[in-house]
Amino acid sequence: MINLAMKRRIWSCRARFSYALNPAVQGPTLSAPFSSHANLATFPEPDGWESQNLVPSGVVEDKDLLRKGGPNSKTGLYVLDLIDRSSLGPDPVLYIDLIKKCTNLNKLKEGRLVHAHLMASCFRDDLVMHNHMLNMYAKCGSLQEARKVFDEMPVRDVFTWTALITGYSQSDLSEDAVALFPQMLRADLKPNEFTLSSLLKASGVRVSDGFGRQLHGYCLKCGYISNVYVGSALVDMYSRWEKIDEARSIFDGLDRKNEVSWNALIAGHARMGEAELALSLFSEMLRADFKPSPFTYSSMFGALSSMGFLEQGKWVHAHMIKSDPQLSTYVGNTLLDMYAKSGSIDDAEKVFNRLLRRDLISWNSLLKGYAQHGRGRKTLEQFEEMLSIGVKPSDVTFLSVLTACSHVGLVKEGEHYFQLMRRYGVEPQVSHHATMVDLYGRAGLLDQAKRFIQNMPMEPNAAVWGALLGACRMHKNMELGAYAAERMFELDPDNPGPLMLLSNIYASAGRWSEVAMVRSMMKVNQAKKEPAISWVDIENSVHTFVANDDTHPQREEIRKMWEKVNTKIKEFGYVPDTSHVLFYADQQEKEERLQVHSEKLAFAFALLNTPPGSTIRIKKNIRVCGDCHSAFKFASKAVEREIILRDTNRFHHFRDGSCSCRDYW
DNA sequence: ATAGGGTTAG
């Protein structure tokens with residue numbers, strides 16, 4: 001019988017001489033600091049390391065004592081020293097234990113010490129040991145050192161190549177990862193299912209260029225297509241290329257699925273904003289008896305937030321609480337964001353308060369939520385709180401802070417925070433400049449906005465001119481508005497926005513010939529206005545409306561309901577604002593067209609189908625028009641309903657005759 | 001004995 005100790009001996013002999021199979025190949029020539037024991041001193045010492053106190057005197061006979069001290073900070077060198085003093089001889093299992101601990105605990109410094117020690121041992125030429133070292137460097141994120149180990153190895157096997165490819169792939173160095181594939185083939189090594197899953201992951205984040213399809217073909221040819229890792233990676237790759245049908249057909253073809261396969265497909269739909277499909281897949285996943293993971297939930301919340309599906313979000317949230325009441329920071333952040341983007345900032349706040357650990361993303365999501373809901377003061381309060389407890393703000397943080405100042409009209413505060421950015425090492429980007437232009441512009445300080453653009457350290461982009469154009473529209477400055485629209489049009493000719501706004505400016509001034517000119521320009525440039533869509537949640541289903549919609553089964557009731565509301569709000573003082581109508585038309589026609597804006601249809605429909613007094617949540621794919629905004633203010637009082645309307649980038653809370661944006665948006 | 005796929009703010 002061969003016992004364990006004998007096995008070890010055999011193994012270590014084989015390991016020791018694995019390079020000797022080819023006598024022509026020398027051991028790796030390792031330069032300092034890997035070459036000798038003496039170089040140990042050149043490594044930075046781990047924190048709290050005190051060698052004198054830790055190393056017992058005499059020879060160490062106890063293997064368990066050796067194994068106990070992992071590389072967890074101060075014990076790293078201790079164990080190495082014990083190895084030297086032990087009478088048991090070098091033990092490969094012990095080395096591998098140490099390296100694995102370094103790998104799993106992300107201990108790069110300690111890993112280097114083990115590496116140096118190993119290079120001075122009889123394992124300095126061992127292939128497996130090198131593979132472990134390479135993997136350690138790759139997992140600790142030091143791909144340069146991993147590459148160095150790789151380059152200096154005279155013999156490499158499929159583990160060596162796979163470890164490096166995976167390292168590159170996981171560190172977002174996908175170009176380096178895929179570049180190794182042909183080299184590996186030339187070295188006469190066949191990639192296996194491990195190699196292929198990493199390569200597929202890497203090619204998913206690159207542009208679709210045929211390489212990924214080649215890999216797909218390779219998987220088919222070599223019989224890896226039924227492997228669940230390879231299959232899930234393929235699903236993920238195609239879904240990242242937005243070829244969701246191909247992803248689905250690979251998913252359906254898997255003879256064995258697991259959670260990851262499901263998550264890859266759900267995440268694919270989530271990335272494309274297909275919330276309904278993500279939801280139906282989620283139910284399908286439950287029916288198939290798979291347990292959703294934090295990955296599933298964060299994808300789901302992401303998908304639901306993009307459409308603002310609050311009720312469905314609550315349902316998924318409830319499901320998550322039932323199956324796993326633990327809330328991680330990662331999932332908590334997506335949940336918080338879902339509530340904020342679905343119009344329930346109070347729930348978002350609750351999630352934030354319940355988080356056990358908050359990271360920068362938690363803070364940024366909350367601040368963004370406050371800013372979007374028009375709670376400018378609250379944004380600034382929380383921002384100050386964030387600074388006071390020592391969380392370092394990022395460019396994203398400042399964008400929310402500046403947006404908050406802009407929406408609430410806090411010019412001085414905005415200037416203060418803009419100045420503050422550099423103190424926190426955040427260089428203002430063009431987006432921050434655009435927000436400052438917005439800040440001045442909304443406040444009516446158009447000259448200051450113009451001067452700010454002239455003094456910008458970088459070229460203004462379309463967003464900067466867009467902010468100025470919006471301000472000109474708001475304050476009816478045609479000269480400057482036309483100038484801004486032209487600049488914007490030059491920089492972004494495919495965007496119909498500037499021409500739309502320009503024609504709006506002319507329309508609100510009643511200059512219909514200019515409106516006609518701009519509109520003919522739009523025709524020449526094939527510019528098309530994105531059709532306005534509004535949608536509203538009624539009891540777990542979503543109803544979509546477009547302007548002038550006459551195909552809805554309840555169109556007659558909707559029309560009658562809106563007429564009723566219209567009459568009522570006129571009693572409350574509502575005056576239709578026809579300057580938002582772009583067409584040249586007589587007064588009555590203009591007024592009629594206003595009545596069929598999609599958000600008004602959605603509102604009337606919600607009134608018909610929800611209990612009295614309940615809050616109505618409407619989402620819109622473009623900015624709410626001024627007339628609808630005014631109508632909703634009156635309606636919130638006239639029919640005693642709170643209305644929460646999600647715009648392109650902010651929320652309007654209509655209540656008792658006024659809006660949270662204080663008509664400043 | 002060593003290598004693998006899925007998630008968040010903008």
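These numbers come from the heavy atoms of this one structure, side chains and all, not from hydrogens, waters or symmetry mates. Being a predicted model, the structure only gives us computed values, none of them experimental. In the text below, chain A, chain B and the rest are named by the order of the sequence lines, each starting its count at 1.
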message = Of the listed nucleotides (B/dT7, B/dT8, B/dT2), which one gets closest to any side-chain atom of A/D157?
response = B/dT2
query = Looking for any heavy atom pair under 4.0 Å, which part of the strands does A/T334 touch: base, sugar-phosphate only, or nothing?
reply = sugar-phosphate
query = With no angle test and no hydrogens, is the base of B/dA3 tied to the side chain of A/N192 by a donor-acceptor pair under 3.5 Å?
reply = yes
inquiry  = Check the phosphate of B/dG6 against A/K201, side-chain N and O only, distance under 4.0 Å to OP1 or OP2. Yes or no?
reply    = yes
ask   = Which nucleotide in the list B/dG4, B/dG6, B/dT2 gets nearest to the side chain of A/N131?
value = B/dT2
Nearest to side-chain heavy atoms of A/L399, which nucleotide of B/dG10, B/dA3, B/dG6 = B/dG10
request  = Measure from CG on A/N258 to P on B/dG4 and round the result to the nearest Å.
outcome  = 16 Å
task = Name the closest nucleotide to the A/F295 side chain, picking from B/dT2, B/dA9, B/dT7.
result = B/dT7
Length of the CG-C1' vector between A/N104 and B/dA3, whole Å = 13 Å
ask   = Closer than 4.0 Å, any side-chain N/O of A/R240 to the OP1 or OP2 of B/dT7?
value = yes
query = Centroid-to-centroid, A/H132 to A/Y95, below 6.0 Å?
reply = no
task = Tell me whether the OP1 or OP2 atom of B/dA3 has a side-chain N or O from A/N135 closer than 4.0 Å.
result = yes
Under-4.0 Å side-chain N/O to phosphate OP1/OP2 contact, A/Q170 with B/dA3 = no
ask   = Only one of A/W161, A/Y168, A/Y218 clears ring-ring contact (aromatic ring centres under 6.0 Å, His included) with A/F181; which?
value = A/Y218
Integer-rounded Å distance: B/dA3 C1' and A/Y224 OH = 13 Å
task = Please tell me which of the listed nucleotides, B/dG6, B/dT2, B/dG5, lies nearest to the side chain of A/E259?
result = B/dG6
Quick one: side chains of residues 271-279 of chain A, donor-acceptor pairs under 3.5 Å with protein atoms, not counting sequence neighbours, listed by atom name and distance.
from	atom 1	to	atom 2	distance (Å)
A/R271	NH2	A/S239	OG	2.7
A/E274	OE1	A/H269	ND1	2.6

key: Proximal nucleotide (of B/dA3, B/dA1, B/dG4) relative to the A/S197 side chain   = B/dG4
Near-ring test A/F282/A/W262, centroid separation under 6.0 angstrom = no
query = Rounded to the nearest Å, what distance is computed from the CG atom of residue A/L164 to the P atom of nucleotide B/dA3?
reply = 14 Å
task = Name the nucleic acid region contacted by A/V235, choosing base, sugar-phosphate or nothing; use a 4.0 angstrom heavy-atom cut-off, strictly under.
result = nothing
ask   = Nearest to the side chain of A/K341, which nucleotide is it out of B/dG10, B/dT8, B/dA1?
value = B/dG10
message = Using OP1 and OP2 only, check whether a side-chain N or O of A/R271 sits under 4.0 Å from B/dT7.
response = yes
task = Decide whether a cation-pi geometry holds between A/K257 and A/F251; the criteria are a distance under 6.0 Å from NZ or CZ to the six-membered ring centre and an angle within 45° of the ring axis.
result = yes
task = Take atom CG of A/L98 and atom C1' of B/dA1, then tell me their distance rounded to the nearest Å.
result = 15 Å
query = Are the ring of A/Y330 and the base ring of B/dT7 both nearer than 5.5 Å at their centres and tilted by less than 30°?
reply = yes
key: Residues that A/H373 engages under side-chain hydrogen bond (donor to acceptor under 3.5 Å, both in side chains), provided they are two or more places apart   = A/H653
request  = Output yes if the stacking criterion (under 5.5 Å between centres, under 30° between planes) is met for A/Y229 over the base of B/dG4, else no.
outcome  = yes
request  = Under 4.0 Å between any heavy atoms, over every strand shown, what does A/K257 touch: base, sugar-phosphate, or nothing? Just pick one.
outcome  = nothing
query = Across the strands shown, which category fits A/D359 at heavy-atom distances under 4.0 angstrom: base, sugar-phosphate, nothing?
reply = nothing
inquiry  = From the set B/dA9, B/dG4, B/dA1, return the single nucleotide nearest to any side-chain atom of A/V128.
reply    = B/dA1
ask   = Quick one: A/R248 CZ to B/dG6 P, roughly how many Å, whole number?
value = 19 Å
inquiry  = Taking atom types as they are modelled, would you say the side chain of A/N364 forms a donor-acceptor pair with the base of B/dG10 within the 3.5 Å cutoff?
reply    = no
query = A/H432 NE2 to B/dA9 C1': how many Å, rounded?
reply = 12 Å
inquiry  = Once you apply a heavy-atom cut-off of 4.0 Å, does A/S293 come out as touching a base, just sugar-phosphate, or nothing?
reply    = base
request  = Would you please indicate if the ring centroids of A/F398 and A/F383 are separated by under 6.0 Å?
outcome  = yes
request  = Among B/dA3, B/dG5, B/dG10, find the nucleotide with the atom closest to the side chain of A/S232.
outcome  = B/dG5
message = Is the phosphate of B/dG6 approached by A/K291 (side-chain N or O, under 4.0 Å from OP1 or OP2)?
response = no
ask   = Given atom CE of A/M153 and atom P of B/dA3, what is their separation to the nearest angstrom?
value = 14 Å
